[in-house]
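Note that ligands are numbered from 1 as they come in the structure, with each ligand's atoms numbered from 1 the same way. The chain is numbered in sequence order, starting from 1.
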Amino acid sequence: MSASVPVALSPSRANDFVQCPLLFRLRTVDRLPEPPSAAAVRGTLVHAVLESLFDVPSSERSRGAADELVEPSWEALLDSRPEVAVEFEADVRADIVGQARLLVERYFDLEDPTMLHPAAREVTLRANLGGDYPIKGVIDRVDVAGDGAIRLVDYKTGKAPRPQYGASAAFQMRFYALLVRDVKGVVPSMLRLVYLGDGQIRENSPTSGDLDAAQAKVQALWDDIRDAAQSGVFSQRRSRLCDWCSFQPMCPAFGGTLPDSDPQAAARVWLGMPGPAVS
Ligand code: SF4
């Protein structure tokens with residue numbers, strides 16, 4: 001993020017704080033490096049293919065056309081992120097590409113892209129809720145019907161979570177809906193999650209009241225983040241998700257020792273100053 005852009009909270013970082021404030025600190029305030037994960041790289045590749053698919057004339061958006069987009073998208077990813085070729089052996093890279101092809105193939109079981117005419121793809125929106133709570137998000141796809149109804153679509157390369165674990169994805173979609181309401185003055189009529197991992201679609205039609213509640217939650221979260229940054233206390237919160245946390249070796253909950261935090265980075269968060277602290 002450029003130094004001239006105000007700090008803004010994204011749904012991913014908000015979910016980090018909800019999961020574990022210490023994770024948020026290490027990832028977002030201290031900005032410690034993390035090794036790329038094969039799943040994240042695969043997700044980036046699939047998203048790139050599905051975005052490019054809508055550059056193809058609608059009548060030609062076939063499974064074969066999508067498959068032909070995988071290789072150039074992969075080459076473009078390797079060009080933009082050379083660390084991927086360094087981090088992963090050739091067999092792992094081949095596996096990433098092979099799995100991406102299967103996920104793109106499965107996409108066609110869930111939607112018919114020849115019938116879709118997205119108004120926007122990979123669109124970044126920013127808003128400032130209540131004047132003091134900057135947020136931002138990147139929406140995979142925005143569909144607008146003839147009557148003006150807006151549908152927000154997000155692709156997930158994993159499987160649909162069981163109900164007790166679906167809160168973070170639902171919150172992410174409400175977060176996007178908040179952005180659209182703030183920027184466009186319209187409540188999206190549909191929020192659609194497309195789970196390519198197991199071929200499921202989850203949809204929700206939010207009301208203004210739902211978004212008011214989501215806004216209150218985001219503002220309360222921002223307040224908690226600022227309080228933590230001001231006090232310097234980002235508590236650790238163990239859960240089954242710790243198994244996927246790349247900071248586990250340095251986490252006190254697992255016998256590790258934390259590095260010192262940069263007080264200037266934390267100050268940027270609670271003062272809301274321009275800087276790279278929250279992205
Ligand atoms: S290992 Fe668990 S408790 Fe420790 S920072 Fe990561 S998510 Fe938090």
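In this structure, Phe254 has a heavy atom closer than 4.0 Å to ligand 1.
When all heavy atoms of Phe171 and Ala14 are compared, the pair lying nearest together is CE2-CB, 3.7 Å.
Dense packing is recorded around CD of Glu75, with more than 12 heavy atoms of other residues, nucleotides or ligands lying under 6.0 Å away.
Considering only non-hydrogen protein atoms, atom 2 (Fe) of ligand 1 sits nearest to Cys242 SG, 2.3 Å. Among all non-hydrogen protein atoms, the one lying nearest atom 6 (Fe) of ligand 1 is Cys245 SG, 2.4 Å.
Contact annotation: Cys20 places no N, O or S atom under 2.8 Å from atom 4 (Fe) of ligand 1. Put simply, Cys251 stays out of reach of atom 2 (Fe) of ligand 1, with no N, O or S atom under 2.8 Å from it.
Taking 4.5 Å as the limit, some side-chain heavy atom of Lys156 sits within range of a side-chain heavy atom of Gln172.
Between Arg13 and Asp16 there is a salt bridge, since a side-chain N of the basic residue sits under 4.0 Å from a carboxylate O of the acidic one.
Paired with Thr157 under the rule side chain to side chain contact (heavy atoms under 4.5 Å, CB included), one option of Val194, Val46, Thr44 passes, and it is Val46.
Proximity to Arg237 (heavy-atom distance under 4.0 Å) selects the following atoms of ligand 1: 3 (S).
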